[in-house]
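A note on names: the letters A, B, ... follow the listed sequences, proteins ahead of strands, and every chain is numbered from 1.
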Number of protein chains: 2
Amino acid sequence: MAKALVRSGDEVLVSNFGLADRLDKWVSLTPAERATLSRLEERPRAIRRGTVLMDEQRRGEELFVVQQGMLMCYVLLDDGSRQIVRFLFPGDLFALSALIYGRSPDTVVAVSNAVVCPFDRSQIGVLATDHPRLLSLILVLNQIERVITTDRLAGLGRTSARARVATLLLSLRGQMRQAGMAVGASFAPGLTQEEMGDAIGLTAVHVNRMLRQLEDEALIKREGGRVHLLDEAQLVREARYIDRFEGLDLSWLPPGR
Amino acid sequence: MAKALVRSGDEVLVSNFGLADRLDKWVSLTPAERATLSRLEERPRAIRRGTVLMDEQRRGEELFVVQQGMLMCYVLLDDGSRQIVRFLFPGDLFALSALIYGRSPDTVVAVSNAVVCPFDRSQIGVLATDHPRLLSLILVLNQIERVITTDRLAGLGRTSARARVATLLLSLRGQMRQAGMAVGASFAPGLTQEEMGDAIGLTAVHVNRMLRQLEDEALIKREGGRVHLLDEAQLVREARYIDRFEGLDLSWLPPGR
DNA sequence: CGGGTAATTGAAACGCGTCAACCATCGTGG
DNA sequence: CCACGATGGTTGACGCGTTTCAATTACCCG
């Protein structure tokens, strides 16, 4: 049984879950496609919590697939504040921006112990030529992320602290599910309240107050780093949460090779 | 010479500027690629300011290229507030999300009179198979947009109203330049202050105050809907603005066909 | 058991929103 | 051609949500 992310623990988690596993949920990959994808994950690299994989501004010619664990991408502002722009889970592709800009626009750090697989960006060119469907699927992944980022943008710009906290909880759980992590009635966000705040544009103090409020109103329950979503329907309503991994239409994809 | 966007005017503007013109700045397109792209823009459609091209939640099987004018994508929240998530200019591709979800996650409206070209999403499949470099370039465009959205996310989450207004001005001008619109010492944002506010998570009232502040401090000057950026260096510094269309590295692209 | 990090809670300050009034501009119709 | 109405811009007063500062408690790891 998969041991969920436990921030404090040092144990390595779960069985591997790579890009192929993610895409497999959407299309049946051909043997050749599967082989090509596995080539991207030939060089797994275990990293410890806190490892910085990519500095803002540093040159990087490599892209990565996450196989295990949880990472985050953030930007530091001049005044020292931090905005976390994205959390990464198994099956996620990252540093695609290094593909395009020489240097990364953000910093990537492991939030838990993790396993990532670097591969050279020239592989993307190969993918484009040899496996049009795979590149299309990467475009799909990208598009989903863009929509999710857009949802977050609307959240930051126009919703209350309370709604943002609710959204964060729901979307973390959603991503974990997507990444094949066992998520039942409760789950462990694996983040400090400060990290949560940095993800949704709040201070740790206020995150705390909102969590307490949600708990006092019996919408959630917290114990030992785990969160139970007691009244999920109400949370979804308040958060205006939409699962962007659902309801995909991929009928337009070219055939696999 | 190109007449810039004038929101109040009804005249149609500028010469056409499509996807091919955008991509041409980055690579030299082959004749076949150029032909394929022009097929996407076979059915130009002139629309008037205020036209709604895509309702939130409505089904749409079509993607679009902008050829002229300015559009915006927004989301409406339950309380009636609006978050503008993106502005579109000539050469931009949009409704890519309709490619993936049956329905659009946002609404698209023409901010000025405009010309857009709808094409069927099956074209993307064709592109993937026949023109790997073009699909890769679309991935690049997507990636740029994602990074820009990310920048905006950081802005909304962690910067002051003043910095957000400065950022908006700089990025609007940047996008206009990218779209081949004549932009000199001054430019016309072509937005109401309410629209500006909805783009950066502020009220129209506060946008107004910030504009006044910037003007009082001689960072900008306003006259008749046009804005002069008087002290661009200082604005860039305060806004922490980064031009994401610059410094691209496309050496990894597959060859054109 | 001790030290450090995270969580929690209260009090006060502040940035931005809200409400409201007034002004400027512009397209329209008499 | 002027008057009108509508839309957008401008400014002030006030309130509220969130931040900031500070102090205390809980928890985990060595």
Under 3.5 Å side-chain donor-acceptor pair for [X] and [Y]:
| X | Y | answer |
| --- | --- | --- |
| Arg49(B) | Ser112(B) | no |
| Ser81(A) | Arg158(B) | no |
| Gln83(B) | Asp198(B) | no |

Rounded to whole Å, how long is the line connecting atom [atom1] of [X] with atom [atom2] of [N]?
| X | N | atom1 | atom2 | result |
| --- | --- | --- | --- | --- |
| Leu202(A) | dA7(C) | CG | P | 14 Å |
| Ile200(A) | dT18(D) | CD1 | C1' | 12 Å |
| Met196(B) | dG9(D) | CE | C1' | 11 Å |
| Gln193(B) | dT10(D) | CD | P | 5 Å |
| Gln83(B) | dG17(C) | CD | P | 12 Å |
| Leu156(B) | dC16(C) | CG | P | 12 Å |
| Glu223(A) | dA26(D) | CD | P | 18 Å |
| Leu214(A) | dA7(C) | CG | P | 16 Å |

Determine the contact category for [X]: base if any of its heavy atoms lies under 4.0 Å from a base atom, sugar-phosphate if only primed atoms, P, OP1 or OP2 are that close, otherwise nothing.
| X | answer |
| --- | --- |
| Arg222(B) | sugar-phosphate |
| Arg158(A) | nothing |
| Gly197(B) | nothing |
| Gly225(A) | nothing |

Between Leu229(B) and the options Ile220(B), Val236(B), Leu214(B), Leu219(B), the side chain to side chain contact (heavy atoms under 4.5 Å, CB included) test singles out Ile220(B)
Counting only heavy atoms not in Arg222(B), do more than 12 sit closer than 6.0 Å to its CZ atom?
yes
Strand-adjacent residues in residues 205-213 of chain B, judged by heavy atoms under 4.0 Å from DNA chain D
Val205(B), Asn208(B), Arg209(B), Arg212(B)
Residue pair Met181(A) / Phe187(A), side-chain heavy-atom distance below 4.5 Å
no
With the side chain counted from C-beta on, respond yes when Leu153(A) and Leu156(B) share a heavy-atom pair under 4.5 Å apart, and no when they do not.
yes
Result for 5'-nearest mapping on DNA chain D, choosing between Gly224(A) and Gly201(A), is Gly201(A)
